[in-house]
Structures are given as C-alpha cells and as structure tokens.
There are 4 protein chains.
Amino acid sequence: MSSSPPLSGVVPPVCTPLDASGEVDTASLARLVEHLVGGGVHGLFALGSSSEVAFLTDRQRAVALDTVVETVAGRVPVLAGVIDMTTPRVLVHAEAARKAGADALVATAPFYARTHPREIAAHFRAIRSAAGLPLYAYDLPVSVHSKLSTALVRELAEDGTLAGLKDSSGDEGGLRRLVVELGGRHGRAGGAAPSFSILTGSELTVDAALLAGADGVVPGLGNVDPAGYVRLYDAVRGGDLERAVEEQERLVELFGLVDAGPESEMGRNSSAIGAFKHALRLLGVFTHGTTAAPQIQLGEESVAHVERHLRGAGLLPVR
Amino acid sequence: MSSSPPLSGVVPPVCTPLDASGEVDTASLARLVEHLVGGGVHGLFALGSSSEVAFLTDRQRAVALDTVVETVAGRVPVLAGVIDMTTPRVLVHAEAARKAGADALVATAPFYARTHPREIAAHFRAIRSAAGLPLYAYDLPVSVHSKLSTALVRELAEDGTLAGLKDSSGDEGGLRRLVVELGGRHGRAGGAAPSFSILTGSELTVDAALLAGADGVVPGLGNVDPAGYVRLYDAVRGGDLERAVEEQERLVELFGLVDAGPESEMGRNSSAIGAFKHALRLLGVFTHGTTAAPQIQLGEESVAHVERHLRGAGLLPVR
Amino acid sequence: MSSSPPLSGVVPPVCTPLDASGEVDTASLARLVEHLVGGGVHGLFALGSSSEVAFLTDRQRAVALDTVVETVAGRVPVLAGVIDMTTPRVLVHAEAARKAGADALVATAPFYARTHPREIAAHFRAIRSAAGLPLYAYDLPVSVHSKLSTALVRELAEDGTLAGLKDSSGDEGGLRRLVVELGGRHGRAGGAAPSFSILTGSELTVDAALLAGADGVVPGLGNVDPAGYVRLYDAVRGGDLERAVEEQERLVELFGLVDAGPESEMGRNSSAIGAFKHALRLLGVFTHGTTAAPQIQLGEESVAHVERHLRGAGLLPVR
Amino acid sequence: MSSSPPLSGVVPPVCTPLDASGEVDTASLARLVEHLVGGGVHGLFALGSSSEVAFLTDRQRAVALDTVVETVAGRVPVLAGVIDMTTPRVLVHAEAARKAGADALVATAPFYARTHPREIAAHFRAIRSAAGLPLYAYDLPVSVHSKLSTALVRELAEDGTLAGLKDSSGDEGGLRRLVVELGGRHGRAGGAAPSFSILTGSELTVDAALLAGADGVVPGLGNVDPAGYVRLYDAVRGGDLERAVEEQERLVELFGLVDAGPESEMGRNSSAIGAFKHALRLLGVFTHGTTAAPQIQLGEESVAHVERHLRGAGLLPVR
C-alpha cells in the first residue's frame, strides 16, 4: 500500500435502510449503492456513523457489509467501519470485515473506557497488525470524546500504521497543520507518508478542505446527492473554485434538511439520519425512512421539511 | 418484583482476571467470587466497568458471566452488565445474560450516538420489556457522556421499568433529590416505587450515601477489601456512624492505590484497574495482574505502590 | 491565623437585592443580613456567585460589601468574594475588600484564559501575599471550567497560602480524599494544616459532608432558611444524625423552588437566583425579586411555584 | 452604519507589551501599532484575548486602548474588546471605550454565570443600545464556554444589533451555514444584513474562510507577520488561490512557534502569548517578552524555539 496513491475523492458513508421490523432492507441498500456508484463516487464507507453502525447488531453489520461489497462488485473500494469500544472488540469486527471482502478498515480511538494517547497508538497498531488491511483512523470527538492529536496521527502515518484519516473533528486548523507537517499540499507526495489519505467529514466546507490539501470527503449528505459532491470535487480538481463554491453553497442549503425534527422531542442524530433516510425514500431509493431503536421517528411535518429541501436543491421537481 | 424489598448492601463489580494471553482466567475468577462471597457481600455485579466489560469480546463476556453464576451458585444475586452502544446491541447481551442465569441486568443510556432523554427512556423500556429480568440503570456520565436526570429516573422507577439505579455520576445532590422525591429515607417503602433500589458507585462516600438513604454500594475497591465494605455497611445499618466513618477513612486511604501508574504514561482507567488486579494478585486471589489491550500494564514501581497501600490498610502484613 | 481554629458552621453566600433600576437596594440588604445573623449563622460570604457577583459593577460590589460589613458590625466574620478573570484583576478587588473591612477573601482559579495548575498555584500565592487577609479557594468548575486538584489544595493548605476551601465542585469523593489526606475527620487538628477550613457548597448533602469531616457549609438556600441550616448543623454537631437527615430532607424539598423558571425560556442560574430573591421578597426581607441584566425575570407562575415551596417547608403559613 | 460596506481585511488583535513590573509598555505598544499599520492591515482589534485583556486591570486597559487609538490616529478603524462576565460590567468597559475613541466594540456572550440564548440576545442588545457604537459579537467557546448559534447571530445581524461577528469557535461548518443563510458569498450584499461583517479568528485556514465568504480575519499571529496575512488576503481577493495557499502554508509553519513552552509546565495560552511577545521582541518591536501574572514566562529553550520559527519563515535572517 505504501507506494500506491492515496485514496481520494467522494467516499460517502453508506446509510443502512431498515424495514418496518428494524431489519436491514437489502434491496433498498443495493439500490443505494447503485445510486452512489451511479452518481460517480470514488469509494464507499460502509458501517460508519451515518450507517447507524452503533445501532446495528453484529449480524446486521454483516448483512449490510455483505450487501454493499456484493453490489459494488469491485467498481470502487469499500471501507468498512469496525466501530467498538476497545481493541479486542474491534478485532472481532475487523476479522469479519476482512472475510466479507472489505478493502480497508476504519476505526475510532477506544471509547467508553478512557485511554491515554499511548494506549490509543497501541490500539491502532494492534488493529493494523492483526487485520492485514489498510487502516483509516476515524477522528470523531463528538462520539468518542477524545481528539486524535496531530502529533499522534503524524506518527502513525509515518510508520505505516495508518493509510489515512477520516477527520470529523471539525478542527480545520489542526487538519491544516497536519497537511503542512506532512509536506504541504503539493509536497505531500514526496514526504514521509506519501500515500496517506486525508478525508474530511465536514460536508459543509469541502471546497475549503480540498483547497487546503485534503484528498477527499466522506459526506453523510452524499447519500442524498452524490452527484452534487462529485461535481464539487471535480470543480476543485479542475481549478474552477467559483463553481465549487456555488455547488458547496447549494449543498449547504440542502443540508438544512437535517434540522427536520423538533429539538425538544428527538436527538440531533435521529433527526439527521432520519432526514437522510426519508430523503432517500422520497427519491425512490429506500422503501422506508425508518431509523433504528431507540431513535424517535420523523413525523409528518418533519418529512415535509425534508421534501422542501429536496425541491429547493433541485433534487425533486418544484411543484 | 414490585413488592419485594429493594436490593441492598455491598454489591462489588467483579474484576475479570486475564491470563498472559489476554483470555479470561476462570480459576482466578472463581477464587475472586469466593473472596467476595466469603467477605460477606450481598450481591455481585458481573460485566461492569471495573470488570473491563468494554474490553471483553462477546465470547469472553459469556465465559466470565458463566463462571460467576456457576461459582456463586445462588448464594447471592448476580447482576449482569449489558453494556453496549444502543438498544439493539444491548438486547443481544441481555438475551445472553438471561440464558446464563443472571438475576438482573444493568444497562447504561446509549452512547457513541447522541440520544434525547425520550429516546433514553425508550431504550430502558425496550430492554425491560424484551429481557424479562429486573433492570438497573447505570448512570456513568464519565463513560456515557450523558447524565440521567432525576425526573427520568423517577419516571422509570414509578412505572416499574427500573428495579434500581447504580449511580456513578458523582452527583450526590441529585441523588439526594431522587431519594427525597421517592419519599425520603424513611418514606420510600410507602412511596410510588417501594422496591426501587438506589446503589451508589461512589466508593469514597459510602457512609454519607447510606446516611442519605441509599440502599447499597457498588465499590470497585470492594474487590480488594470486600470485608471492609461489609463492616462499613453494617456499622451504618447498626447506627454506629463513628465506626462507619473510621472504616470509610481507612478505605479512602486504601483507595490511593489507584494512583499507581504515572499519569504521563497511562490512562487513569488502566492505572485503577491495574491496581485492583495487582492487589488481588498480591493477596493471592489472582494469578496475573494483566489488564486488557490496549491498556498499558503497571510497572514495578507501580506495583510497589499498590503493595504499600495494602500494607497500610492492614490487608498484607507490615514488613 | 495558623493556630486559630478553622472557620466552621453555616456561612451563607449573601444575595444582593436590586431595586427596579438594577441598583443595589441597601435597605433590603441590611434586612437580609439581620435575617441571616438572626437565624444564627456563623459567618457571611458576600460577593459570591449567589450574590450575583458576576453581574455587579465594581461600584456596586463596593456598595454591597460596605452594607454587609457595616450591618454585621463584627457579630460574625465576613468573607468577601474577589471574583475576576486573573490575578491582576483579582488583586484590585482584594485591595477594595481589605479596605472595606472584610475578614477574609474568597477567590477562584483564573477563568476565561486557560491556565496551568502551576499558574493557578501562583495565582493564589500572589493574592495571599498581596492582600494580607486569610484566603479561601473557591472551587467552582461549573463557572471556572477547571477543577482544583486535591494535590494542589493540599499543597496550598500546608504552606499556609489557603485558610480554607469552599468546595462547590460536587466532587464529594475528592473532598473526602482531601479530608483524609489532611489527617482524617478527627486527626486534622493535629495535621500539617490544623486551621484549614473545609466548607461545602453542596447544600443538598450537608449532613453527609459534615459527617465526612467538613467544617461548614455555604448554602445559597441558606438565604431563604438560615435557621434550618443552623438546626441541621447543630444536629450533626450534637450527634443527632436522625434529626439532621430529617432537616436536610426538608431543605432538599425546599430547594425545589429553584426549578421555578421554564428551562426553555431562561437559564438555570437566573431561575435559581430569581427564586431565592422572590422567596426573600415573599418572606418580607426584600422589596424586589429583581435579578441583574441580562437575566430574564421570573413570571407570575414561577413566583407561585416559589411560594408553594415556602409553604411546603413551613416558611409561610399554609393557606 | 447599515448602508456602509462591511469591515473587511486583516484586523489583528493587538498584543499588549508589558514592562518588567507588569505595567503596559506604551513605547513598545506604539511601535507595534506602526509595525501593523505599516504591514498594511485594515483595522486593529485592541483588548482582545491575544491582548491579554483578561489579565489587564481597568486602568491598564485604558492605557492600552488610549495608546492604540492615539498612535493609529485614524489611519485604520480600531475595534475595542469589552470583555467581562455580564452586561452591567461590559457596559462600564463600553463607556470607557467610547470615550477613548474606539470605532467599534467587540463583546462575548456572558461567562462565569450560565445564561440562556434569550439572555445572550438581551445582553448584546443592551450593549448595542447603551454604547452607540457598532458592535461585533466575539464567539469564543474555549473561553466563554457557550457557542453562539447560527440562528442567534442571524437574528442579531438582521435586526441591526450586530455589525459583525468575530468567529473563533472553530466551527467552520456553522460559519458556512451563516454565510449561506445571509445570502451566500455573492448574495450577501443584497440580503437582509448587507453590511454585516464576518471575520474569522481561525488564523490557520484564512484562505479557506475567505473562499467561503468571510470578509476578513483577526489573526493573533498577525502581530508577528502582518504583511504575510495582508499578502494572503490580497492573493485571495485577486483570485490567485495558489499563491494564497502557499502563503497560508508558510504561516501555518510559522504558527508552530506557539508550541514554545513545555506543556507539562505552563498553559497553552501562556505559551502562545509568550511566543508572540518574544517573537516581537526578537523582531525589535517589543522591549520585553513578559506576559501578565500568573502566567509562567518562557524559558531560554522556548525562546530559541520561537527564534527558529522566525528564521524558518524568513522573518529573521537565517544564520
């Protein structure tokens, strides 16, 4: 892996459709994969936070990952989240993902138990060593409640433990420091970690992140509008930043659909995931907009909010 | 369940001994159960945070719980932690615990994914309804990153969802409000949740918690000195608060063993659990002091620190 | 100061009454001082958080402190809060408090700017050295966003920098460790900091804190019911813990008045301070229940909530 | 103000030089103002966080602001920080700043006391109304511990309370939503708040922020290299994003000087401010590198670290 070019482009975290009983709806999931690959994305991230990985049983994770891998059929690489509290539990998921045919793994730092940075480093090294697949670190302090430091990521990039970083920390300044420390936007290929891939999870500032030297983006909203993110990516790569900003601003407006649920009655997470799923239902991709237990389901008014945003962004015809 | 007396007394979270390869050391675990039951404890909490539940695979959880249930052989009730991110994953553990013969379940609020209080309520109701066992809520903001409100606990106590609360939030004021809202120290038996059991996880203020109306304590340190906590409990119940305070102060000093590891090199969690385990090794209960990956192991100096505290508390002969 | 007995007993933080224009209502404040001293309290803490010190201009702070000192006229010691962001600004308040005749100062760690524990230690040493008055550390993480460690407090207690600690951290376990490290409940007088005074700000667990070895309490609710807290204190000191618990439970119920304001419309702080002030108005001590800008004022329904709690606790006749 | 164009460009927060006794060194401060204005900056922000405003007494704040206003002599606008805990205290600073000749005020949300969003709105409205000067909101959760929501800022922008926002929240996604809600990068002039100025405090991602629609930047590092930030700004405005990125990357490397102090011995804040001040001393602008009490001073090794970064960035000749 060390001499290959870093993974780049649009790599959406794949939503996991559920049927009315809460089981994985494989037909809808296969349609979503076609929707994404057809939209031109460069990779897929299965079993991420937007996939409700935290809500899926091991059996359901297996069904979802198998469906994604089989439907993709090698057209783009599939990254698989191996999200769990600590190393021994993550290793079980890693082995399952390897057997399922994932191309790479995505792991967070340990959570629930508080760990020291040296223990976090040992965690990533143990996963990399046991799994035999490229490993991406997933920096998600809002869920994991610790932040991967620039120094730690750099150390693990340079010694080959990590193939890349999915940065959902929102710390754009820290990300910029990492890019510069790895050689800067143009110098990274000649640096100490030439194939290290930096992917931002900040779907509202993709133009800026790409300008700053990120290789790609993992946008939850990319489930709804993969082609929009691909256009945005292509515009930056083609040097047309004006068009990139315009596309990004359209996507920022579309992102307003996540404010679907009333804050006083449901979590932000449930609202956002529910909005993505109902958007996919309204677009004919999913059969249901159901989210996993114990999340509260979107009501009629919330679904209308989602629909308005789809029309506003040109994804559904304006009535 | 509604007319039974609430669970009370000393209910230690049972440490999980590991062998050199990281597997559960069932012989040591059986010795620990005898050490605890022999020390007079009133119940056992298997698969809690001090059991490194976050570090155990599902297979290892099963081995540990089976060993505890079999060794206890009904002498005291066994509560089983069903710790995982969300409802569907917790339900899998709940079914396993039920089959293993646990007497009750202990669950936290969802974590990793952010949830709304209404979703947390739905979470506990779903577990209670599916598992058919008494359910204790485990309030542990340091791991779960949300706090169960007094209002929520009270609602779930009064409607019979919860059999009790294990409060490790450190919010003694909130706990006091709960006691008073449930009828006060003396009036709880006649209140709306007469069999609701309040257990504090604050092992340094047990005398105070019992004075305030808690029914019992779940002390991590109780692995090391179960008889000390039983004496403390008995002193309060017998009205001898002077002796209770004295015993508590001795246990506070003993608790200093958790500062074993150098903060600059390992996590607080690894240090505390490692200290408990090495103390049990020094006491002849465990064969190894090993903690699970990716935790850093205690060094020689740290083990000497633990030993000094055991001697200071009279658990090992002073040399 | 080093050989004097530690400050002990009930030391309420004195609310600052405001008139309709937001200026200090000195007549009401004098009445409050009489209410408190008449209730038997052992000291007064002016310019604390419950005094809305954060909302008072320097001129208003001076008016309030002068009024308290003059009205008390030496009957009990007056502690003065010197709350500001950093050392240089605190020193200005310390000089003013000294001139106004305060008997001791109360300072938090620096806030707004993030500081290191070594800098926090330097902060307290500079204040102690410049002001020439006994100095109490005010541990209030909810406002200051850092926690004073047991080790730091102990160091500053033993070297004579601090005369005491007002602990509003809610960390009862940490407080217990401090008590034990300073010699335990009975051994403190013979320890390295014999006159160090530990005051808890946790008004809902005073019985427990005194049992554990605290010297006194700084209860915001003590503005409303000073005599209740004095009875509670006397009961513990007299060894009648049953009566202490009963009194504490009554005060916990009374404390429910702080939930006066609707959470969706005002801050918790505004609600609690507004409730104390309206309670004092209903008791005939204050002319107005006004809180300082920009706090939202309690509405009619909220005031009725306060009144119900006063009646429930026997402070107003039941109608 | 409502029809004027928004404030734009590079507006550094002006460091406050101190002499050995901790008093404001007005000669050094005048030199810094010339250094900044000479570097081409578009405005100055006196009494901000990088000015150590939290450490300055009211008297020192007056000396610093007077010196800045007099030295600038109208060449660029001067914004004055009015940083304090709550409305009444901020109003005192606002009146002083108005009298000193500041062109605009910069205020945070209340801190120390917890306030509700409706109270925060009332806070800004009261300041705007009393002071008669344009008002900028300073969003700095790391100090203030609350985040200004996009909805709140928008409301206060559209009703004319706020002339602008200095965003140091690090929430680039939220900032992007604000830009889009106010009409998008090109449409803001025709929107509901046409003269509203958005300034980012994220000095490491200025190219990205300007691309996204920010009007300017308030870079602490701009004290050290004002001309570098002006070149960066001009490059973006001139459409030469390649050059902008290059300049930004150089400034990111230079920013490494803030890691001067050993983390185990001093706060991040002290290290960063000390590094800026010693850099200015090494550049011949300041006489001393002293920071205010209780901050720990940089040692020799730390100063050497600063010097290396100045040489690396071409601000001092390479030896």
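None of the values given here were measured: they were computed from a predicted structure.
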Handout entry: Contacts of type ring-ring contact (aromatic ring centres under 6.0 Å, His included), residue C:Tyr112, not counting sequence neighbours
Key = D:Phe111

Practice task
Sort by residue number and list every member of residues 146-158 of chain C having a non-hydrogen atom under 4.5 Å from chain D.
Solution key: none

Rounded at 0.5 Å granularity, tell me how far [atom1] in [X] sits from [atom2] in [Y].
{"X": "C:Ser50", "Y": "C:Ile273", "atom1": "OG", "atom2": "CD1", "result": "4.5 Å"}
{"X": "D:His93", "Y": "D:Arg98", "atom1": "NE2", "atom2": "CZ", "result": "15.5 Å"}
{"X": "C:Ile127", "Y": "C:Thr161", "atom1": "CD1", "atom2": "OG1", "result": "10.5 Å"}

Check each atom of [X] against the heavy atoms of chain D and say whether the ones under 4.5 Å are side chain, backbone, both or neither.
{"X": "C:Pro88", "value": "both"}
{"X": "C:Leu56", "value": "backbone"}
{"X": "C:Ala126", "value": "neither"}

Handout entry: Largest heavy-atom contact set with chain C, pairs under 4.5 Å, which of D:Gln295, D:Gln60, D:Met266, D:His123
Key = D:Met266

Problem - Option that, when pairs with chain C are counted at under 4.5 Å, heavy atom only, ranks first among D:Thr115, D:Asp84, D:Ile120 - result: D:Asp84

Exercise for the section: For residues C:Val258 and C:Ser271, report the shortest heavy-atom separation together with the two atoms involved. Expected result: O-OG, 2.6 Å

Exercise for the section: Indicate, with yes or no, if the rings of D:Tyr138 and D:Phe45 have centres closer together than 6.0 Å. Expected result: yes

Exercise for the section: If a pair satisfies salt bridge (Lys or Arg N to Asp or Glu O under 4.0 Å) and one of its residues is in residues 47-57 of chain D, list it, with sequence neighbours excluded. Expected result: D:Glu52-D:Lys277

Problem - Worked check of salt bridge (Lys or Arg N to Asp or Glu O under 4.0 Å) between C:Glu119 and C:Arg114 - result: CA-CA 10 Å; C:Glu119 295 170 329; C:Arg114 290 163 293 165; over 6 Å; no

Handout entry: Choice from C:Arg61, C:Arg125, C:Arg268 maximising heavy atom contacts with chain D below 4.5 Å
Key = C:Arg61

Completion exercise
Taken in chain and number order and not counting sequence neighbours, the residues that satisfy side chain to side chain donor-acceptor pair (under 3.5 Å) with C:Glu203 are none

